[in-house]
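So that the names make sense, note that chain A is the first sequence line, chain B the second, and so on, each numbered from 1.
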2 protein chains.
Amino acid sequence: MNISMKSRYAVRALTELSRRDESEPGKPVPLGDIAGARGMPLQFLEQVFAALRRAGIVRSRRGASGGYSLARPATEITVLEVVAALDGVPSPAECTQGLCDRADRCGAASVWIEAQQALETVLGTTTVGDLLAREDALRGGAPMYHI
Amino acid sequence: MNISMKSRYAVRALTELSRRDESEPGKPVPLGDIAGARGMPLQFLEQVFAALRRAGIVRSRRGASGGYSLARPATEITVLEVVAALDGVPSPAECTQGLCDRADRCGAASVWIEAQQALETVLGTTTVGDLLAREDALRGGAPMYHI
DNA sequence: TCATTTCCGATAATTCCAGTCAAGAATAGG
DNA sequence: CCTATTCTTGACTGGAATTATCGGAAATGA
């Protein structure tokens with residue numbers, strides 16, 4: 001199972017959302033702002049955030065001065081659950097989901113299972129908060145050359 | 001990241017091929033035998049093995065009593081290179097292939113890169129020989145637990 | 001009321017996947 | 001040489017997934 005644009009947009013958008021949540025905690029941010037800030041198609045983001053809301057990752061408020069806000073602190077939202085909400089649990093091969101009836105006598109299944117576990121470890125231990133911190137490090141810590 | 005049927009068939013087929021290579025080393029095995037032994041569509045396997053040959057993983061001999069044989073010992077063929085030959089290097093997101101022009105200022109790229117590295121570690125350290133050994137362990141009835 | 005914004009379903013364009021089909025070329029054995 | 005076997009290659013297809021876009025409905029604050 002692939003990590004699609006939906007998941008990638010979601011991660012970017014949540015990073016942006018948590019950036020804004022730092023300055024004005026809890027205040028809803030319109031999707032249009034987020035889409036604009038990161039160059040993502042608004043109507044596609046709407047689909048993405050609908051799924052994020054159903055998964056309990058963001059909260060929404062409708063109407064004027066509405067928008068989306070984080071349902072939990074950014075440091076408690078893992079990349080894994082974001083991906084799971086949009087693409088399902090990422091698995092390199094279907095064997096790893098009990099769909100392979102040969103798994104009990106197929107040595108190959110084990111390697112796909114190990115691969116999936118490695119993926120889950122990385123994605124499950126990285127939070128949106130981490131990504132925001134990394135982004136800040138890139139912006140601030142990157143060498144600044146003057147023209 | 002998609003590990004397609006091609007790669008999965010390839011891994012299964014190479015395991016079968018190395019099993020036969022054990023009893024009669026270097027002897028070409030017709031694809032029909034391999035397809036039959038593991039219930040895989042022959043004509044699809046032909047595509048798969050054409051790619052494996054181009055990648056230098058197997059050798060072919062045409063004609064009667066021809067077939068495919070391993071180009072190297074099974075213990076020197078990693079699952080990673082098999083997957084790479086058929087699906088390309090597995091990557092969870094395109095960012096990790098230099099296609100994302102935002103990578104230098106996008107904190108999200110880092111997590112996809114780490115995920116890819118974790119995948120490559122698992123797949124790159126498992127060989128077809130390992131899979132054959134695991135399969136034998138499974139057949140021998142001894143349950144095998146791997147950490 | 002009105003502008004804003006989320007919500008929801010339909011649809012379209014494109015690409016990918018898994019598998020099939022068909023014709024051709026090389027080879028061993030007789 | 002003849003023939004069955006086997007690899008080689010490319011085109012093709014049906015279905016599914018991906019990546020959106022469109023149009024409007026419902027809620028909400030000013």
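OP1 or OP2 of C:dC7 lies within a sub-4.0 Å distance of a side-chain N or O belonging to A:R53. Considering only side-chain N and O atoms, B:Y9 lies nowhere under 4.0 angstrom from the phosphate OP1 or OP2 of C:dC17. The phosphate of C:dC8 has neither OP1 nor OP2 within less than 4.0 Å of any side-chain N or O from A:R54. In terms of phosphate contacts, B:S65 brings no side-chain nitrogen or oxygen within less than 4.0 Å of OP1 or OP2 of C:dT27.
Protein atom OH of B:Y68 is 18 Å distant from nucleotide atom P of D:dT5, rounded to whole Å. Rounded to a whole Å, the CZ atom of A:R61 is 13 Å from the C1' atom of D:dA30. Between the CD atom of A:Q43 and the P atom of C:dT6 there is a distance of 12 Å, given to the nearest Å. At whole-Å resolution of the value, CG in B:L31 and P in D:dT5 are 16 Å apart. One can place CD1 of A:I34 at 12 Å from P of C:dT5, the figure rounded to the nearest angstrom. Here the P atom of nucleotide D:dC7 and the CG atom of B:L52 are 13 Å apart, to the nearest Å. Atom CE in A:M40 sits about 11 Å away from atom P in D:dA20, given to the nearest Å. Atom CZ in B:R8 sits roughly 7 Å away from atom P in C:dA18 (whole-Å rounding).
Side-chain proximity of B:A64 to the nucleotides D:dT28, D:dT6, C:dT27 is greatest for C:dT27. Nearest to the side chain of A:M5, among C:dC7, D:dT19, D:dC7, sits D:dT19.
No donor-acceptor contact under 3.5 Å links the side chain of B:Q47 to the base of C:dA18. Judged by distance alone with a 3.5 Å cut-off, no donor-acceptor contact links the side chain of B:E46 to the base of D:dC7.
Positionally, the nearest nucleotide of DNA chain D for B:R62 lies more toward the 5' end than for the other of B:R62 and A:K6. For the pair A:S60 and B:F44, both in contact range of DNA chain C, the more 5′-proximal nearest nucleotide belongs to A:S60.
The existence of a salt bridge linking B:E81 and B:R72 is confirmed by a sub-4.0 Å separation between a basic side-chain nitrogen and an acidic carboxylate oxygen. Remark: B:K27 does not engage B:D21 in a salt bridge, criterion side-chain N to carboxylate O under 4.0 Å. With salt bridges taken as basic N to acidic carboxylate O contacts below 4.0 Å, one links B:E114 and A:R134. Comment: B:R12 does not engage B:E16 in a salt bridge, judged by the lack of any side-chain N to carboxylate O separation of less than 4.0 angstrom.
Between B:F44 and B:Y9, the ring-plane angle classifies as perpendicular under the 30° and 60° cut-offs.
Here A:F49 lies out of heavy-atom contact (under 4.0 Å) with every strand.
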